[in-house]
Amino acid sequence: SLHAALPISGGSPVRAGGGCEALPGRADPGRARYRCPVSRPTLTNPKDQWHLEQFGYVVVPFLDRAGVQAVADEYERIGRAPDDPQVSLTWTFHSQSSEHKRQVADRIAPLVQDSVDQVLDRHTVYLTTFITKWTGENSGFGPHQDPTLVDERKFRGVVVWMPLGPTGRRDGVDNGMLHIVPGSHLFTDGLREQNVNASPLSDLDEELIASRGVGIPTRPGAAIIFDNRVIHYSRPNLSTEPRVVLSLGVRCDEGKCVLLRPTEDGSLELFEVDDDFYMDVLPAERHLFEPADGPLASISATGAPLTAAQ
């Protein structure tokens, strides 16, 4: 249960979550709840590791002022993706231009690699994307869990979320800071496909926001590192400037990227993919992927929707 309020870096209160271990599923005791292996740390700092395991996220120093400026300058030199409509919320990840996505990855890598090595324990960046939240009421993004992109039966997948400018409220106006539901990485069973509507949490948006959501103001140079399983969201950017974030998808060195695909019988098949998969294959066209080898596993679907009480 989430019950004890604790302070975090950034000033907002959070509520304590459960541990990181293997437990039977609540909805179906026969189904395994995949939990990160505690013997394999994600972060080099033990206190940060503890916070990540308990709450599903942690705020850490990541780049100094010069490092942030170098990334911001490179962002301007690279320019927007050729298919960026410059409205709402856009990701490099969703661009149809493999060339643009590869350029982002190649030019940002040398600027962040030292920080990745210092903060994360033997991890590899497999996805580099800029998230631009353009101004306006339509730039919000509802509560969701990221799809399973790393084999979570064995390893934890995380995102390094680092804004290029301050996020939070200024003069009562939110520019789209990240909100998280602390401890929610332990809410549900199983692995997650790309279809967020298939999540057992898909009907709980307003209840989760009202009862559990926490906004995390963040300064440039700080990064929110969060478990792919944690529920997160952001409000519309009501400021006058776009909010730009550098987001890194990270896996442990010995882990592999994976793709989950639904089958006709309602189960999910888990395939291994290489680190360039989402540069070369559009998320919307992943169903066209033809694997060279058979699935690593066949897994039952995520499960029945959860109620707010659960």
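This one's a predicted model, so the numbers in the text were calculated from it and none came from an experiment. What's counted below: heavy atoms across the whole structure, side chains too, no hydrogens, waters or symmetry copies.
The distance from atom CG of Asp73 to atom CD1 of Ile78, rounded to the nearest 0.5 Å, is 11.0 Å. Atom CD in Glu152 sits 9.5 Å away from atom CG in Leu270 (nearest 0.5 Å). One finds the CG atom of Asp151 at 11.5 Å from the CD atom of Glu254 (value rounded to the nearest 0.5 Å). In this structure, the separation between CG on Leu43 and CD on Glu53 is 9.0 Å, given to the nearest 0.5 Å. Taking CG from Leu248 and OH from Tyr126, the interatomic distance works out to 10.0 Å, rounded to the nearest 0.5 Å. Here Arg156 contributes atom CZ and Thr42 contributes atom OG1; the two are 4.0 Å apart, rounded to the nearest 0.5 Å.
Contact between Val160 and Ala223 at its shortest, heavy atoms only, is CG1-CB, 3.8 Å. Heavy atoms only, all atoms of each residue included: Pro85 and Thr90 are closest at CD-CG2, 3.8 Å. For Phe271 against Gly294, the heavy-atom pair with the smallest separation is CE2-C, 3.9 Å. When all heavy atoms of Thr135 and Ser239 are compared, the pair lying nearest together is CG2-O, 3.2 Å. Nearest heavy atom pair, residue Asp274 against residue Asp276, reads OD1-N, 3.0 Å. Residues Phe141 and Tyr233 approach most closely at O-CB, 3.1 Å, considering heavy atoms.
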Test side chain to side chain contact (heavy atoms under 4.5 Å, CB included) applied to Lys256 and Leu296, step by step = CA-CA 11 Å; Lys256 299 295 183 183; Leu296 300 175; over 6 Å; no

Please step through side chain to side chain contact (heavy atoms under 4.5 Å, CB included) for the pair Thr218 and Met177, ending with a clear verdict.
-> CA-CA 7 Å; Thr218 312; Met177 65 178 158; 5.9 Å; no

Could you check His179 against His232 for ring pair (Phe, Tyr, Trp, His ring centres under 6.0 Å), going step by step and ending with a plain yes or no?
-> CA-CA 5 Å; His179 288 65; His232 55 287; over 10 Å; no

Could you go through the side chain to side chain contact (heavy atoms under 4.5 Å, CB included) check for Asp84 and Trp134 one step at a time?
-> CA-CA 11 Å; Asp84 183 350; Trp134 298 97; 3.5 Å; yes

Residues Leu149, Cys257; criterion side chain to side chain contact (heavy atoms under 4.5 Å, CB included); working and verdict | CA-CA 6 Å; Leu149 301 176; Cys257 290; 5.9 Å; no

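Although no hydrogens or angles enter the test, the distance criterion places a donor-acceptor pair under 3.5 Å between the side chain of Asn237 and the main chain of Lys133. Listed for the Asp227 side chain is no donor-acceptor partner under 3.5 Å among the backbone atoms of Val158. Put simply, the side chain of Thr129 gets close to the backbone of Phe93: a donor and an acceptor are under 3.5 Å apart. Proximity of a side-chain donor or acceptor of Thr92 to a complementary backbone N or O of Phe130 within less than 3.5 Å is detected. Of the possible polar contacts, none joining the Glu269 side chain to the Arg261 backbone as a donor-acceptor pair under 3.5 Å is found. Side chain of Gln145 to main chain of Asn228: no donor-acceptor pair is present (N/O by atom type, distance under 3.5 Å, no hydrogens or angles). Using modelled atom types, one side-chain atom of Lys101 and one backbone atom of Ser95 make a donor-acceptor pair closer than 3.5 Å. Looking at His123, its side chain does come within 3.5 Å of a backbone N or O of Asp121 through a donor-acceptor pair.
Side chains of Gln103 and Glu99: a donor-acceptor N/O pair is absent below 3.5 angstrom, by distance only. Side-chain contact check for Asp253 and Thr124: at least one donor-acceptor pair (N or O, by modelled atom type) lies under 3.5 Å.
The hydrophobic cluster containing Val230 also contains Trp50, counting ILVMFWY residues as joined when their side-chain heavy atoms lie under 4.5 angstrom apart, directly or transitively. Both Val125 and Leu52 sit in one connected hydrophobic cluster of ILVMFWY residues. Membership requires side-chain heavy atoms under 4.5 Å apart, directly or through other members.
Counting heavy atoms from C-beta on, the side chains of Leu268 and Thr148 never come closer than 4.5 Å. You'll find the side chain of Pro220 stays beyond 4.5 Å of the side chain of Pro163, heavy atoms only.
For Asn138, the CG atom sits in a loose shell: 12 or fewer heavy atoms of surrounding residues, nucleotides or ligands are nearer than 6.0 Å. Annotation: Asp293, atom CG; neighbour count of heavy atoms from other residues, nucleotides and ligands within 6.0 Å does not exceed 12. Within a 6.0 Å sphere centred on CZ of Arg102, heavy atoms belonging to other residues, nucleotides or ligands number more than 12.
Between Tyr75 and the options Ile108, Thr132, Val104, a side-chain contact (heavy atoms from CB on, under 4.5 Å) holds for only Thr132. Among Ile231, Val181, Ile180, the single residue meeting the side-chain contact (heavy atoms from CB on, under 4.5 Å) criterion with Arg212 is Val181.
Ion pairing of Glu74 with Arg77 is present here, as a side-chain N (NZ or NE/NH1/NH2) and a carboxylate O approach within less than 4.0 Å.
Qualifying ring pair (Phe, Tyr, Trp, His ring centres under 6.0 Å) partners for Phe62, counting only residues two or more places apart in sequence or in other chains: none. For Arg65, there are no side chain to side chain contact (heavy atoms under 4.5 Å, CB included) partners at least two apart in sequence or on another chain. Taking Arg243 as the reference, nothing meets the side-chain hydrogen bond (donor to acceptor under 3.5 Å, both in side chains) condition, with sequence neighbours excluded.
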